[in-house]
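Okay, structure first, notes after.
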2 protein chains.
Amino acid sequence: MALADYKHPYVTVDLLLFSIIDGKLAICLTKRDEEPFKDMYAMPGTFIHEDESAEGAVERLLADRLGLEGNIYTEQLQTFTDITRDPRERVISIAYIGIIPDMNMVKVPWMEWFTIASSNVGYEKLLKVGDGSNASFISNSLGFDHDEMLHIAIDRLRGKTQYTDILFKFLKDQKCFTAAILREIYQAIIGKEVNRGNFTKYQMNTYIENGLINKIGSTSVGRGRPADTYAYIGGEKLWIRS
Amino acid sequence: MALADYKHPYVTVDLLLFSIIDGKLAICLTKRDEEPFKDMYAMPGTFIHEDESAEGAVERLLADRLGLEGNIYTEQLQTFTDITRDPRERVISIAYIGIIPDMNMVKVPWMEWFTIASSNVGYEKLLKVGDGSNASFISNSLGFDHDEMLHIAIDRLRGKTQYTDILFKFLKDQKCFTAAILREIYQAIIGKEVNRGNFTKYQMNTYIENGLINKIGSTSVGRGRPADTYAYIGGEKLWIRS
DNA sequence: CCAAAAGTGTTGCTATTACACCCATGG
DNA sequence: CCATGGGTGTAATAGCAACACTTTTGG
């Protein structure tokens with residue numbers, strides 16, 4: 001059973017880069033300019049080089065294709081190995097989730113943002129952000145098996161919002177935010193509204209009790225009563241309910 | 001960017017096969033008979049053939065290396081891509097969790113079972129099952145990065161026990177079991193005791209309310225009062241708390 | 001002083017826990 | 001008839017949702 005006896009497949013990483021735009025969960029896509037799936041939208045991806053790990057490939061992808069340097073939160077989603085998922089040849093893809101707090105961090109022109117209209121079941125509705133075109137399409141017209149990836153990723157985000165600190169990765173300023181800001185993120189991911197008062201009282205308190213955030217002061221700008229401000233201090237530790 | 005421009009790595013699947021033995025979570029390992037990590041224990045694995053998916057490779061592994069035919073529950077755990085995780089050459093591994101209800105289903109002599117002594121933090125203590133040798137070792141002496149895999153897999157099992165029906169996969173007879181049997185499995189995975197009465201009343205009731213199980217009758221064997229018996233009927237649907 | 005924004009309290013419902021009690025069987 | 005295993009009831013507690021109330025600011 002020598003190693004060389006086995007033919008091995010191509011391996012790529014694909015990145016599902018999420019952000020919150022206008023109170024809605026959004027994903028960063030690119031229109032493919034070559035076959036297969038030419039002119040269809042897809043998540044950005046790249047082949048893994050022989051001298052890098054999958055995480056390394058994701059970092060390179062973030063830097064080269066998205067222009068994102070520095071510390072971007074990523075985590076492995078799942079690996080997709082269907083023999084026919086790439087019509088050219090056998091290609092395995094390791095999908096990663098990425099999160100950035102601000103869509104404007106992506107400055108390259110070939111990437112486009114789409115908000116995700118939370119469909120109850122079936123396919124997601126994707127709505128182009130920003131250019132006033134109101135262009136939209138349904139996620140099952142994504143290239144490759146990227147519709148499946150998107151579904152699994154959204155599920156993962158929703159699940160982890162319940163028992164980890166993943167939603168803090170969406171904060172534009174982790175060192176100064178209000179309950180309202182965090183609630184907007186929470187609702188965007190979950191896909192439904194939660195009561196304002198209760199969110200402050202229970203959710204924020206739970207975060208404080210678990211040492212994830214600190215109350216640091218209050219805003220003095222805005223129309224109404226100044227909101228308390230918080231700072232995220234949790235490291236990488238998981239926070240599991242009770 | 002033609003496909004052929006990229007050198008691609010070897011890809012394997014590794015299987016973490018779990019069962020419950022004597023009320024304790026257990027894993028199926030094999031002593032490696034060749035380099036690298038010769039004479040160390042490791043999870044069984046195999047290279048992915050060019051005409052099969054990762055799931056296909058796992059099925060082949062189950063059949064050829066473990067002698068397990070038929071419907072064995074498996075799910076993808078995570079993909080490991082460190083460049084140096086295999087000292088020979090660059091090898092990516094897609095790790096899978098497998099669950100069988102009875103260790104005796106594995107009849108091949110080269111596989112050995114070890115119970116996992118739930119360590120709070122750090123490494124697991126693995127204890128050889130069955131031959132009276134009382135041999136044991138610490139999980140960080142597993143070959144490759146299999147210690148890390150084991151940790152991640154146990155975490156996954158514990159998490160999914162809370163909100164899925166994964167513990168029913170451990171049942172020796174899914175069509176006839178008692179609350180006591182299910183509780184033993186539950187405790188083995190979680191690693192701590194739960195109150196007997198409450199488990200029957202709440203846990204079993206929740207399963208019933210979610211359509212996962214049905215009360216079917218009662219045992220008439222055993223020393224004390226005959227226990228109610230249940231049958232697992234849930235398909236593949238997730239059961240998420242409230 | 002009033003509207004707007006945001007933090008706190010009150011109430012009732014539900015889930016969880018601990019523990020006791022009663023039930024059915026084998027020896 | 002008693003030890004043993006197993007179901008069910010109860011009370012105390014914790015958590016959650018709805019909603020009303022209060023606080024603070026800008027005009």
Side-chain angles (χ1 to χ4, degrees), chain A residues 22-23 158-159 161-163 167 171-173 176-187 189-210 212-231 239-242, chain B residues 22-23 158-159 161-164 167 171-173 176-188 190-231 239-242:
Chain A
D22 210 23
R158 287 189 179 154
T161 301
Q162 303 298 323
Y163 60 93
L167 79 168
L171 283 170
K172 286 186 171 57
D173 185 355
C176 184
F177 58 90
T178 67
I181 293 173
L182 200 64
R183 189 169 69 97
E184 191 188 55
I185 296 171
Y186 188 90
Q187 294 181 148
I189 300 176
I190 297 302
K192 55 187 175 194
E193 290 205 355
V194 295
N195 181 273
R196 182 184 56 77
N198 288 334
F199 186 84
T200 304
K201 195 162 33 132
Y202 294 110
Q203 211 75 25
M204 300 305 274
N205 254 8
T206 312
Y207 293 142
I208 290 174
E209 280 162 19
N210 283 280
L212 293 179
I213 64 177
N214 259 346
K215 200 177 283 198
I216 55 169
S218 64
T219 57
S220 48
V221 293
R223 281 189 289 288
R225 169 178 173 176
D228 290 349
T229 52
Y230 302 83
W239 153 66
I240 300 197
R241 234 184 252 245
S242 76
Chain B
D22 209 23
R158 287 188 179 157
T161 300
Q162 303 298 322
Y163 61 94
T164 75
L167 80 167
L171 283 171
K172 285 187 171 57
D173 184 355
C176 183
F177 57 92
T178 66
I181 293 173
L182 201 64
R183 190 168 69 99
E184 191 189 55
I185 296 171
Y186 188 90
Q187 294 181 149
I190 297 302
K192 54 187 174 195
E193 290 205 355
V194 295
N195 181 275
R196 182 185 58 78
N198 288 334
F199 187 85
T200 303
K201 196 160 30 128
Y202 293 108
Q203 210 76 24
M204 300 305 276
N205 255 8
T206 313
Y207 294 140
I208 290 174
E209 280 161 20
N210 283 280
L212 293 181
I213 64 177
N214 259 346
K215 201 177 283 198
I216 53 168
S218 65
T219 57
S220 50
V221 293
R223 280 189 289 288
R225 169 178 172 177
D228 290 350
T229 52
Y230 303 83
W239 153 66
I240 300 196
R241 236 183 250 244
S242 77

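In what follows, every chain begins at residue 1, and chains take the letters A, B, ... in the order their sequences are listed.
Computed from coordinates, the Arg183(A) CZ to dA17(D) P distance equals 13 Å when rounded to whole Å. Atom CD1 of Ile181(A) and atom P of dA5(C) are 14 Å apart (whole Å). Computed from coordinates, the Asn195(A) CG to dA20(D) P distance equals 11 Å when rounded to whole Å. We find that CZ of Phe199(A) is positioned 13 Å from P of dC16(D), with the value rounded to whole Å.
Between the CD atom of Glu193(A) and the OH atom of Tyr186(A) there is a distance of 13.0 Å, given to the nearest 0.5 Å. Interatomic distance, Tyr207(A) OH to Leu167(A) CG, rounded to the nearest 0.5 Å: 4.5 Å.
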Donor-acceptor list for residues 176-184 of chain B side chains, cut-off 3.5 Å, not counting sequence neighbours:
{"residue": "Thr178(B)", "atom": "OG1", "partner": "Ala180(B)", "partner atom": "N", "Å": "3.4"}
{"residue": "Thr178(B)", "atom": "OG1", "partner": "Ile181(B)", "partner atom": "N", "Å": "3.3"}
{"residue": "Arg183(B)", "atom": "NH1", "partner": "Gln187(B)", "partner atom": "OE1", "Å": "3.0"}
{"residue": "Arg183(B)", "atom": "NH1", "partner": "Val194(B)", "partner atom": "O", "Å": "2.9"}

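Across the helix from dC1(C)-dG27(D) to dG27(C)-dC1(D), the helix axis at one end is tilted relative to the axis at the other end by 10° (nearest 10 degrees, each axis from five pairs).
For CG of Asp22(A), the number of neighbouring non-hydrogen atoms (other residues, nucleotides, ligands) closer than 6.0 Å is 12 at most.
Residues satisfying the salt bridge (Lys or Arg N to Asp or Glu O under 4.0 Å) test with Lys215(A), not counting sequence neighbours, are Asp228(A). Listed by chain and residue number, Asn195(A), Lys201(A), Tyr202(A) satisfy the side-chain contact (heavy atoms from CB on, under 4.5 Å) test with Asn198(A) (two or more places apart in sequence, or in another chain). Remark: Lys172(B) engages no residue in a side chain to side chain donor-acceptor pair (under 3.5 Å) (not counting sequence neighbours).
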If the sugar-phosphate is the primed atoms plus P, OP1 and OP2 and the base is the rest, what is the B/S/- string for nucleotides 3-13 of chain D, using protein heavy atoms under 4.0 Å? -BBBBBBB---
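A donor-acceptor contact shorter than 3.5 Å is absent between the side chain of Thr229(A) and the backbone of Ile216(A).
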